[in-house]
Structure formats: C-alpha cells, structure tokens
Amino acid sequence: MNIDRKHWIAIQRYVTGNAGPEERRLLKKWIDEDPENKKLIQEIQEIWNLTPPENFEVDAQQAWEEFQYRYGKQKAKIVSRKVSKAPLYMLRTAAVILVSVFAGVFMQYTLTNSDDTEKISDFYVMQTFETERGEKARVTFSDGTKVTLNSASSIRFPQEFHGPKREVYLEGEAYFEVAHDEDHPFIVYAQDAEVEVLGTEFNVRGWNEDSAVEVAVRQGKVAVGSLAEQSSDLSQVILTKGLYTSVKKGAGPSPAQSTNVTNHLRWTLGGLHFENAPFRQVIRDIERRFNVNIEGANADLMEIPYTGTFQYAELDEVLAVVAMAMEIEFKRSGSEVRFY
C-alpha cells in the first residue's frame, strides 16, 4: 500500500474529526482507487470511535507492546469481533498510538521541509466548540474575531492562526464579527459553501440537514463560492451590506439579492424568523431553539411554507401561533410536543 504524505495527513485529520472539504474529497478519491485504502481508514476510525474521549495518562510504549501482544501483531485485523472484549482504555490508547504513528510520519517530513512546518503545526491545535439545543455561546478567536454560535451548532478553529489564511469550519449557524486583516483572509467552510472575508460582520446558516447554506452580510464585503465538484457554476458571488445568497448542495451560489439582515440575526437576541420556510424547517428550528422534541406533524404539511417573526417569545406562544397558522392543534408535556 503506497501512501504519500498528503494522504497520511488527510487520514489523521479525518479520523480525529478535523478534515476539511478538500481533504474529504481527496480521501474519497483515494478510497475509490483501492478497497484496501477504505479498509485501512475504517479500521482506524472504528477504534477511534469505539470509546468516548477521556482524560487519562498512559505509558504509550507499554500500551502499544501490550496491544501488539494481545492481538498478535495482526494490523489488518485490528478491528474484529474480539475488540469488544478488550478494556475500553486500551482501545482508546491504541487509536491514539495509531494516530501518533501518522503524526511521526509527517513530522519527520517537516524536518527537511521547513516551509510546511508552520502549516503542519497548525494541525495539532485545532479545537471544536459546540452548543447544545436551547443554548447559544460566544467565542473569541486568537485574532480578535468574535463569533456568536446558535443552538445545536459547532465550529472548528485553530488555537492560533498561522499561515496566509484564517480558516474555520462551521456546522449550524453563527454570526461572525471578523477582525480586519487584509493580509490574512478569513474563510468559513460550511457544507459546500466557502465564505471569504477580510473583515466584516455576517451570518452563516448551514446545518447538515439544510438543503442550502445561507449567507447574509451586515457590514463589509464577502465572497461566497462553492466547493462542490459537481457544481457547474464555480464563480464567486460578492456580497456587501444588506445582500444575501444561498449555496445549495452540489450547486454554485445564487445571485446576490437584497435582504433584511435584521431578520437573519434575530436569533442572536433570542428570537426566530421564518420567511417562506417549509414547515419541516420550522419544526427543526423550534426544537433547536427551545430544546424540545416535536412529533405528530402530518407529512403532508412538511413542505408547506410558513412566514412569521418572533422576538423574545416563549415556547408556548410560538407553538400556539404556528399551530394556528398551520390549522393544527398541539399538546405539550415538558420538553415533548405533539401536533395533531
């Protein structure tokens, strides 16, 4: 199996949940070339995911020797039916060691390729910040950029920005107040969308279950493009104050259009806004905003558009207004809501 440096890096980032869109595409192509490539990644990923992350100290050399002894040094059979019988700490340790092996490969490479050292060191300090349903959070990056993260969202970013670009990865929704630095563009990746700025304030919405990423600019200027290979429109759309675009999965950005940015930012003050949103999206947003579970909605209603604005509204008020508009009833018991 011939694996070059860039693939080792991509595998390590993928297994630890740090792979970006380009790295995921690189691995997909590599996997399609040889079933053994897919098998290798699956084996390492399975070990890494088998137990939750824990804070523990371990003698790596001793753990590795014990792991080799117990499993007979069968690297191709690291993940097997016997794995479930192994101590949980040992499985986690094995995954750490495997990833460390990869790290050794490209860290050794950087000793003779100093131009890449800063880029590789960046990789080791990526971190992820997440919010639960029903909560929002504020994050300040090392460059002074401030981010407000919506409910049930996550953002991955480096502890320190280095190199020519400041790159972060979003799943969910966030409002960015980017510190100006014309020499180091700030780039947000969300699904297939790539949003590049120098310094501005804008909102990005892009949960994985959404059909598109939405970008609205409050101040400044951003360039929005698509990373989708199947997109026939590879051009960027430039947004300035008061403009909006969306990037559907597998497609390029829509033409810029005027919008009321206040509505896109209403969530930052605890409100909700829906503009011809399908009812399924309304349900998901309410669930995330108030940390509730909603069931019973008729499938025929799911694509019916709904428009409404709520500011500082309570859950029961939102449910009552939405139910009336959709001509249905609801019953709530704690965090459980049923439409009928």
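- Among V215, I187, L239, V217, the one residue that satisfies the side chain to side chain contact (heavy atoms under 4.5 Å, CB included) test with V195 is V215.
- Remark: L243 CG to T259 OG1 distance equals 9.0 Å, nearest 0.5 Å.
- Under the ring-ring contact (aromatic ring centres under 6.0 Å, His included) criterion, F279 pairs with F339, sequence neighbours left out.
- Within a 6.0 Å radius of CE in M324, no more than 12 heavy atoms belonging to other residues, nucleotides or ligands are found.
- Remark: E329 engages no residue in a side chain to side chain donor-acceptor pair (under 3.5 Å) (not counting sequence neighbours).
- Both V213 and L149 are members of a single hydrophobic cluster when ILVMFWY side chains are connected at heavy-atom separations under 4.5 Å.
- Applying the salt bridge (charged side-chain N to carboxylate O under 4.0 Å, His left out) test to residues at least two apart or on different chains, none of the pairs has a partner in residues 262-272.
- A donor atom on one side chain and an acceptor atom on the other are not found under 3.5 Å apart for D285 and W267.
- Aromatic pair F161/H184: centroids not less than 6.0 angstrom apart.
- Residues passing the salt bridge (Lys or Arg N to Asp or Glu O under 4.0 Å) test with E196: none are found, sequence neighbours excluded.
- Under the 30°/60° scheme for interplanar angles, the aromatic rings of F274 and F310 are found to stand perpendicular.
- Partners of S335 according to the side chain to side chain donor-acceptor pair (under 3.5 Å) rule, which considers only residues two or more places apart in sequence or in another chain, do not exist here.
- No side-chain donor-acceptor contact under 3.5 Å links N150 to the backbone of A174.
- Distance alone, capped at 3.5 Å, places no donor-acceptor pair between the T128 side chain and the I155 backbone.
- Applying the side-chain contact (heavy atoms from CB on, under 4.5 Å) criterion to E275, with sequence neighbours excluded, gives H273, T307.
- Residue pairs meeting the ring-ring contact (aromatic ring centres under 6.0 Å, His included) criterion with at least one member in residues 202-228, sequence neighbours excluded, are F176-F202.
- Among residues two or more places apart in sequence or in another chain, the side chain to side chain donor-acceptor pair (under 3.5 Å) test is passed with S153 by none.
- One N or O on the side chain of T145 and one on the backbone of A179 form a donor-acceptor pair closer than 3.5 Å.
- Within the structure, the salt bridge (charged side-chain N to carboxylate O under 4.0 Å, His left out) test picks out the following pairs touching residues 134-148 (sequence neighbours left out): R138-E177, D143-R166.
- Taking every heavy atom of both residues into account, Q159 and S142 meet most closely at O-CB, 3.5 Å.
- I238 approaches A223 most closely through the heavy-atom pair CD1-CB, 3.7 Å.
- Counting only N and O atoms by type, the side chains of N293 and R338 include no donor and acceptor under 3.5 Å apart.
- With sequence neighbours left out, E303 forms a side chain to side chain donor-acceptor pair (under 3.5 Å) with R280.
- For E132 (side chain) and A152 (main-chain N/O), no donor-acceptor pair under 3.5 Å exists by modelled atom type.
- Judged as a salt bridge (charged side-chain N to carboxylate O under 4.0 Å, His left out), the pairs with a partner in residues 305-316 (not counting sequence neighbours) are, in order, D316-R332.
- Among residue pairs with one or both ends in residues 209-218, those qualifying as side chain to side chain donor-acceptor pair (under 3.5 Å) are Y175-R218, R205-D210, E209-R288; sequence neighbours excluded.
- Between T245 and S254, the side chains place a donor N or O and an acceptor N or O closer than 3.5 Å (distance only, hydrogens not considered).
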